[in-house]
Amino acid sequence: MLKSIFFLFTVFICWNGWAQEPKTEVKQINIVYGANFTKDEKQYPGAAIFSKDDRQVQFEHEGADLWCDIAIYYQKENRLKAIGNIKLQQGDSVQLTSGKIDYDGNLNLAKAWENVVLNHTSMTLTTDTLRFDREKQEAYYKDYGTVVDSSNTLTSRIGRYFTQLKKSQFLDSVNLVNPEFKLVSKQLDYYTVSKNAYLYGPSTITGETYKMYCERGFYDTKIENGYGIKNTRIDYNNRIITGDSLYFDKKTEFASATNNIIIRDTINNGMIRAHYAEVYKAKDSVFATKRAVSINLVEQDSLYMHGDTLMITGKPEQRILRAFRNAKFYKTDLSGKCDSIHFNQKTGITQLITKPIIWNGENQMTGDSIHLLSNLETEKLDSLKVINNAFVISMDTVGKVGYNQAKGKDLFGKFIDNKLSLIDLVKNTEVIYYMYNDDQELIGIDKTICSAIRMTLANNEIEDITFITNPDGDIFPEKDIPENSRLLKGFIWRGDERILKKEDIFDEDDNNIKLATIKGVENPIDLDVDPSEAIEDQRIRDSINSSKSLPPNPLKKKLESNKKDQQKQVTKTAPAEAKTKERYEEGNKEDGLDPGYYLIANVFENKKNYEKFLKNLTDKGLEPKYFFRNFNKYHYVYLERFNSWQEALDSRESNFDGKYLDETWIFRVLDH
């Protein structure tokens with residue numbers, strides 16, 4: 001009775017030293033069919049050797065059967081080595097074949113190598129070496145592997161497969177090949193049933209008619225539908241779309257973007273900026289809103305066009321741009337505003353609709369509707385039309401005493417080298433103009449009515465006025481024209497509305513837009529698993545991706561408690577932890593121990609505990625070592641020794657290149 005109690009207590013201490021849950025029971029590997037039996041104490045001391053006859057050797061352990069040609073069975077240690085034509089069958093769905101296997105019945109761990117194939121339902125995994133943890137139902141490889149299912153073929157350098165979730169987790173150099181597209185990613189999680197891929201790190205998806213890049217996102221490989229939420233970009237239908245978040249659907253030929261969007265027209269060298277946009281490939285159209293602005297190059301001068309909503313439709317050579325509600329535009333020497341703007345690339349006509357107003361230098365022009373016409377060959381501004389109630393106003397810039405004014409039914413302007421140089425006013429024209437001599441002295445005020453007027457402009461100012469056909473008027477001394485007669489009927493000066501710089505096209509509402517919150521940037525994006533599992537998986541992956549230490553995990557309170565108990569045992573004679581978040585110790589050189597920086601995985605007082613821990617790490621594909629310190633009589637298990645602090649730090653912060661996800665710390669051996 002006392003022996004049994006002592007045995008149970010010892011097992012508990014060992015498992016607690018690993019900071020793992022204790023197993024309730026260790027089951028023995030059973031021999032189902034041994035065939036030929038021999039022993040070779042020299043080569044395999046303590047082992048029973050079984051070899052096939054007309055049937056293969058067969059073993060059973062906790063619901064799994066293993067067949068092989070030769071088995072070297074260590075019954076006392078509850079492990080075996082299998083050689084030749086191996087098949088490990090677990091239930092009806094999991095089957096592993098290979099040339100060799102080392103199987104540990106105490107840890108439920110199998111290490112298989114030589115042409116390894118793992119089949120699970122409709123998934124096949126092939127690799128050179130695979131470790132299969134039957135307790136966790138996880139398979140792991142680190143020297144390239146390939147996963148094939150009914151839709152996709154995926155390869156990676158490092159990968160895991162979770163049989164319960166039917167999930168593959170690829171940790172380095174991932175390539176997914178589908179008949180319709182190719183996907184390359186740094187890290188990727190893939191579900192065999194849903195065919196969903198969750199992307200982590202730089203990822204590029206290339207289809208026949210699109211190319212998508214992101215550094216965090218999701219893709220449904222069945223229907224080619226997905227989104228990116230970090231550093232995203234889509235090359236789509238002669239457009240390049242970037243934004244904080246991008247959505248794409250191949251079937252509907254639709255893409256949308258949210259926050260800090262740029263849409264570049266690769267054919268027409270145009271650009272749209274906004275905080276929300278939609279792109280419809282079939283209609284060759286773009287819809288943009290939330291501080292939306294179109295930017296086009298006009299003779300080395302950018303033309304900015306804004307509205308509450310922007311829409312671009314039509315083929316590349318026949319684009320139509322519409323700016324709806326509170327529309328404004330700006331270029332260096334020309335700006336304007338109205339309710340809506342309509343630009344037709346095929347005709348080169350820009351229409352300002354409903355209460356339009358434009359400014360050319362100091363000149364304010366209004367009318368019922370305003371058209372700007374561009375030369376289709378040179379793409380320069382060619383002419384200007386103001387239809388009905390045309391009115392031109394400019395402040396008297398010399399005397400600052402009044403306003404120069406001209407009005408008529410229609411106005412026709414001519415641009416030379418992209419500058420407004422001539423203005424013709426026709427039908428029922430009227431003029432009020434302040435006249436000065438060469439000494440800038442006011443001569444009088446010209447007040448004239450005639451059939452048509454031509455004004456010549458230089459440097460955006462009226463230089464000369466010519467009255468055409470029966471002018472009726474004169475130049476009057478300033479004192480002879482009262483204040484109320486110095487303004488033409490319909491005069492409205494709107495100088496305070498003038499757009500002086502590109503930022504003025506946005507009003508207060510545009511500048512105070514609250515951007516939408518992009519979900520998943522910091523939180524889990526994996527919707528194929530329980531949220532608690534997604535949080536834990538996210539925590540580990542983010543640590544690997546960002547080379548930062550793992551933050552506390554609220555879901556692992558019991559695990560953390562065990563680790564704290566373990567640390568209390570270690571620190572009873574060891575130096576105290578540093579006040580920083582990461583633990584660091586150093587000590588003098590001892591016999592056989594090279595100076596340097598050691599990445600410590602665990603520390604043990606009991607020899608059996610550290611031996612078990614070493615074996616556990618070895619079975620997981622690592623190559624741990626240890627040293628013993630006479631100072632405190634502890635065994636230090638380390639993953640690798642480094643010559644410099646930076647090398648050790650980089651390894652610790654990358655979780656030993658993603659190979660060891662538990663906590664590590666650095667111990668420095670001094671050179672004396």
Side-chain angles (χ1 to χ4, degrees), residues 333-336 352 356-375 380-482 485-495 498:
D333 54 1
L334 191 69
S335 62
L352 280 65
I357 180 171
I358 63 173
W359 292 272
N360 175 242
E362 299 296 327
N363 302 305
Q364 170 188 300
M365 287 173 269
T366 57
D368 290 353
S369 64
I370 298 176
H371 295 178
L372 292 164
L373 289 79
S374 299
N375 186 303
K380 296 180 180 180
L381 285 173
D382 178 79
S383 56
L384 164 70
K385 292 182 180 181
V386 180
I387 311 300
N388 289 331
N389 298 312
F391 208 130
V392 181
I393 306 173
S394 65
M395 184 175 285
D396 171 22
T397 57
V398 179
K400 309 290 185 181
V401 294
Y403 297 90
N404 297 316
Q405 304 154 61
K407 63 179 289 189
K409 183 178 183 296
D410 300 321
L411 180 153
F412 301 95
K414 182 67 177 178
F415 289 91
I416 299 176
D417 292 331
N418 248 12
K419 295 184 180 296
L420 187 59
S421 301
L422 292 173
I423 292 178
D424 288 326
L425 273 164
V426 299
K427 296 181 182 179
N428 304 321
T429 61
E430 299 178 59
V431 168
I432 291 179
Y433 189 76
Y434 288 74
M435 305 288 292
Y436 291 87
N437 60 24
D438 292 340
D439 295 327
Q440 302 297 309
E441 296 172 337
L442 181 64
I443 298 172
I445 301 174
D446 188 339
K447 191 171 184 180
T448 303
I449 298 173
C450 66
S451 298
I453 301 170
R454 168 163 287 188
M455 293 185 287
T456 303
L457 289 82
N459 298 319
N460 297 323
E461 293 184 0
I462 298 173
E463 185 178 55
D464 186 40
I465 298 179
T466 303
F467 300 101
I468 303 171
T469 313
N470 302 321
D472 182 11
D474 203 347
I475 300 174
F476 300 93
E478 183 182 10
K479 63 182 177 61
D480 292 343
I481 300 181
S485 297
R486 298 181 187 183
L487 300 177
L488 296 176
K489 186 178 179 179
F491 174 93
I492 300 176
W493 176 246
R494 298 166 63 183
R498 182 180 169 189

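Note that the coordinates shown come from a computational prediction; the quantities given were computed from them, not determined experimentally.
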Q | Shortest non-hydrogen contact between I423 and M365, atoms and distance | A | CD1-SD, 4.3 Å
Q. Closest heavy-atom contact between S369 and P356?
A. CA-CG, 3.8 Å
Q) What pairs with Y436 under ring pair (Phe, Tyr, Trp, His ring centres under 6.0 Å), at least two apart in sequence or on another chain? A) none
Q. Can you tell me how far the OG1 atom of T366 sits from the CD1 atom of I393, to the nearest 0.5 Å?
A. 6.0 Å
(Q) How long is the straight-line distance from CZ of F412 back to CD1 of I387, given to the nearest 0.5 Å? (A) 5.0 Å
Q | Any residue meeting salt bridge (charged side-chain N to carboxylate O under 4.0 Å, His left out) with K414, in chain and number order, not counting sequence neighbours | A | D382
Q. Can you name the nearest heavy-atom pair linking S485 to I432, along with the distance?
A. O-CD1, 3.8 Å
Enumerate, atom names and distances included, each donor-acceptor pair closer than 3.5 Å involving a side-chain atom of residues 401-408, sequence neighbours excluded.
unit_1, atom_1, unit_2, atom_2, d
N404, OD1, Y434, N, 2.9
Q405, OE1, L488, N, 2.8
Q405, NE2, Y403, O, 3.0
Q405, NE2, R486, O, 2.8
K407, NZ, K489, O, 2.8

Q | Identified side-chain contact (heavy atoms from CB on, under 4.5 Å) partner of L334 from the options L420, L384, L381 | A | L381
Q. Which pairs pass salt bridge (Lys or Arg N to Asp or Glu O under 4.0 Å) with one or both residues in residues 421-430, sequence neighbours excluded?
A. D424-R454
Q: Working to the nearest 0.5 Å, report the span between CG of L425 and OG of S451.
A: 12.5 Å
Q: Taking the side chain as every heavy atom from C-beta outward, state whether Q364 and R494 have any atom pair closer than 4.5 Å.
A: yes
Q | Non-neighbouring partners of D480 that pass salt bridge (charged side-chain N to carboxylate O under 4.0 Å, His left out), sequence neighbours left out | A | none
Q. So which heavy atom on G413 is nearest to which on L411, and how close?
A. N-CD2, 4.0 Å
Q) Minimum heavy-atom separation for T448 to P471, with atom names? A) CG2-CB, 3.9 Å
Q. How would you list, by chain and number, every residue that makes a salt bridge (charged side-chain N to carboxylate O under 4.0 Å, His left out) with K385, sequence neighbours excluded?
A. none
Q.
How long is the straight-line distance from CG of L352 back to CD1 of I357, given to the nearest 0.5 Å?
A. 10.5 Å
Q: Give the intermediate values and the outcome of side chain to side chain contact (heavy atoms under 4.5 Å, CB included) for residues F467 and D446.
A: CA-CA 11 Å; F467 300 101; D446 188 339; 3.6 Å; yes
**Q.** N437 side chain vs D439 backbone, donor-acceptor pair below 3.5 Å
**A.** yes
Q. Is the backbone N or O of D333 less than 3.5 Å from a side-chain atom of N360, with the two atoms forming a donor-acceptor pair by type?
A. yes
Q | Gap separating the OG atom of S383 from the CG atom of L372, nearest 0.5 angstrom | A | 8.5 Å
**Q.** Trace of the side chain to side chain contact (heavy atoms under 4.5 Å, CB included) decision for L457 with K419
**A.** CA-CA 9 Å; L457 289 82; K419 295 184 180 296; over 6 Å; no
Q. Is any side-chain heavy atom of I445 closer than 4.5 Å to a side-chain heavy atom of I475?
A. no
Q: Please check if the side chain of D396 supplies one atom and the backbone of V398 the other of a donor-acceptor pair under 3.5 Å.
A: yes
Q) If you measure only the distance, is there a donor-acceptor pair under 3.5 Å linking the side chains of N389 and K409? A) no
Q. Can you tell me how far CG of D410 sits from CG of N428, rounded to the nearest 0.5 angstrom?
A. 10.5 Å
